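In each ligand, atom 1 is the first atom listed, and ligand 1 is the first ligand listed. Only a predicted model underlies this, so the values are computations on that prediction, with no experimental measurement involved. Here, residue 1 is the first one in the sequence, and each next residue gets the next number.
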Amino acid sequence: MGAMDNNTSDIKGRSVICLKDFSRDEISLILDTAVRLKKEWKEKHSHGAPLAGKSMAMIFQKPSLRTRVSFELAMQQLGGYAFYLSPNEIKLGQRETTEDIAKVLGRYVDVLMARTFSHSDVEELARYAGIPVVNGLTGFNHPCQILADLMTIREKKGRLEGIRVTYLGDGSNNVATSLAFGCAGTGAHLTISSSERRRLGRGVQEDVAAIANKTGSQITYETDPSLAVQGADVVYTDVWTSMGQEAERAERIKELSAYTLGLELFSKAKPDAIAMHCLPAHYGEEITHDVTAHERSAVFDQAENRLHAQKAVLYLILRD
Ligand code: CP
Ligand code: NVA
């Protein structure tokens, strides 16, 4: 890596648990670093091993394709080492306490990445590990996904400030929550379009509004999806039934059926709008295949950028 930007922010040694904890400058630092690492990797296929000798344990309570592969590769391409701990391997909080697992792993490795059901498990790991903890998705939020998404929006639209993002579907889930913190934190505008019942919790709405107040971001809520996509630069959706909510699937499909992102709804956004989805997709529910395959789909760019954005996070928190 070359010299850092003029940005004087530093996130060395920090955990990444919620984007609420990161200032606009800190998010910019991560995104700028991600862009530089992406370019460097594409040009040279090498970063010169800045994280040589560093290691990462990855705790997964839920399945994953993107998060597992991109975190493991990110560490490897930076010269470090990462290993996967499957849901049955350490049985977080069952075989032994989360506190003890954190204390033990903290003696072995330099960073923990965790994907858990309960957000408080990731917070507990961070409280006791004595090393940085990176949230790879909890029931509450998914910050690394949104860092990759902000990077993608910046690549496609040239900026974040003033960009109009519309999120359709389950407006209360982990991706919607992190998207709200990410847009609020960077000055992008966000409209969340969902049924009244699937909105961000009141406390999160207040936190997001307070951050948006400082950056000039506008965060609004709209039940009508056709109105919500008007003037949108970005139309984003995610599954209606998140991991762990499978028993509610039928009810959720019934409740959210008006929010499917199909070509007709997509055509009501700006003519150059991009479509986004964090994947995996439940085709025919929240999105149709012709939208992810559309020439203005950024879905697979988002997936790719998970690698680059997480590399930036790992590099910035672990570098000497
Ligand atoms: N978007 C995302 O986090 O994908 P995985 O569940 O496959 O990691
Ligand atoms: N909301 C989804 C995101 C998957 C990456 C879930 O939690 O299952």
Side-chain angles (χ1 to χ4, degrees), residues 16-19 34 56 58-75 82 84-87 112-122 134-153 167-182 190 192-195 197-201 204 234 236-249 251-253 255-256 259-261 275-283 285-287 292 297-311 313-314:
V16 179
I17 297 192
C18 182
L19 291 181
M56 172 169 68
M58 305 192 294
I59 299 171
F60 280 88
Q61 280 191 321
K62 297 175 177 175
S64 171
L65 171 65
R66 282 145 289 271
T67 306
R68 190 256 163 101
V69 173
S70 57
F71 263 107
E72 190 164 332
L73 279 178
M75 199 62 181
Y84 170 77
L85 294 164
S86 68
L112 281 183
M113 197 287 298
R115 166 169 288 196
T116 61
F117 286 95
S118 166
H119 189 69
S120 61
D121 281 338
V122 167
V134 180
N135 177 355
L137 180 150
T138 67
F140 174 58
N141 70 359
H142 197 2
C144 293
Q145 176 68 52
I146 299 308
L147 288 170
D149 298 340
L150 294 172
M151 177 184 181
T152 308
I153 295 170
Y167 176 93
L168 297 167
D170 181 2
S172 63
N173 78 6
N174 42 15
V175 169
T177 300
S178 286
L179 186 63
F181 283 124
L190 174 67
I192 299 186
S193 187
S194 67
S195 60
R197 192 172 161 210
R198 304 289 175 198
R199 282 193 182 166
L200 299 177
V204 175
V234 176
Y236 196 128
T237 191
D238 178 25
V239 293
W240 297 337
T241 305
S242 287
M243 291 179 278
Q245 299 173 335
E246 288 77 8
E248 300 169 13
R249 186 163 189 179
E251 181 194 345
R252 287 168 169 274
I253 290 174
E255 189 184 324
L256 293 168
Y259 298 91
T260 302
L261 178 57
M276 298 183 76
H277 191 308
C278 57
L279 299 176
H282 295 166
Y283 287 118
E285 293 184 23
E286 78 283 356
I287 198 162
T292 55
S297 161
V299 169
F300 299 100
D301 302 300
Q302 294 173 257
E304 179 189 339
N305 283 339
R306 293 293 303 278
L307 173 66
H308 309 299
Q310 287 157 197
K311 252 187 213 176
V313 166
L314 293 171

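- Thr152 and Asn305 share a donor-acceptor pair across their side chains, judged by distance under 3.5 Å alone.
- Within the listing of ligand 2, atoms 5 (C) sit less than 4.0 angstrom from a heavy atom of Leu279.
- Between Pro280 and ligand 1, a contact under 3.5 Å exists for no N or O pair.
- At a 3.5 angstrom cut-off on N or O pairs, Met243 counts as close to ligand 2.
- If you check the side chains of Ser195 and Glu255, you find a donor sitting under 3.5 Å from an acceptor.
- Near Cys278, the atoms of ligand 1 lying under 4.0 angstrom from a non-hydrogen atom of the residue are 1 (N).
- For Asp170, no heavy-atom contact with ligand 2 is shorter than 4.0 Å.
- In terms of heavy atoms, Ser172 sits closest to Arg199 at CB-O, 3.2 Å.
- For atom 6 (O) of ligand 1, the candidate residues are Lys62, Arg68, Arg115, Arg66; the nearest heavy-atom contact is made by Arg115.
- Not a single heavy atom of Leu137 lies less than 4.0 angstrom from ligand 1.
- When only modelled atom types and interatomic distance are considered, Thr67 and Arg306 share a side-chain donor-acceptor pair under 3.5 Å.
- Close contacts of ligand 2 with Asn173, meaning ligand atoms under 4.0 Å from a residue heavy atom, involve 1 (N).
- Any N or O atom pair closer than 3.5 Å counts here, and Asp238 shares at least one such pair with ligand 2.
- The shortest N or O to N or O distance between Thr241 and ligand 2 is not below 3.5 Å.
- Look at Gln302 and you'll find every heavy atom at least 4.0 Å from all atoms of ligand 1.
- Close contacts of ligand 1 with Leu65, meaning ligand atoms under 4.0 Å from a residue heavy atom, involve 5 (P), 7 (O), 8 (O).
- The two residues Ser178 and Pro143 have their closest heavy-atom pair at OG-N, 3.4 Å.
- Using a 4.0 Å cut-off to heavy atoms of His142, the atoms of ligand 1 that qualify are 2 (C), 3 (O).
- Those atoms of ligand 2 with a heavy atom of Val239 less than 4.0 angstrom away are 1 (N), 2 (C).
- Residue contacts with ligand 2: Asn174 is placed with a nitrogen or oxygen under 3.5 Å of a nitrogen or oxygen of the ligand (distance criterion only).
- Taking a cutoff of 4.0 Å between a charged side-chain nitrogen and a carboxylate oxygen, Arg252 and Glu246 do not qualify as a salt bridge.
- Listed by atom number, the atoms of ligand 2 under 4.0 Å from Leu137 heavy atoms are 3 (C), 4 (C), 5 (C), 7 (O).
- In this structure, Arg68 satisfies the cation-pi test against Tyr84, with its NZ or CZ atom closer than 6.0 Å to the six-membered ring centre and inside 45 degrees of the ring normal.
- Aromatic ring orientation, Tyr236 versus Tyr167: tilted (interplanar angle from 30° to 60°).
- For atom 2 (C) of ligand 1, the closest non-hydrogen atom of the protein is Arg306 NH1, 3.3 Å.
- Side-chain atoms of Ser118 and Ser120 form a donor-acceptor pair, as typed in the model, at a separation below 3.5 Å.
- When all heavy atoms of Phe71 and Cys144 are compared, the pair lying nearest together is CZ-SG, 3.8 Å.
- In terms of heavy atoms, Ile17 sits closest to Asn135 at O-ND2, 3.0 Å.
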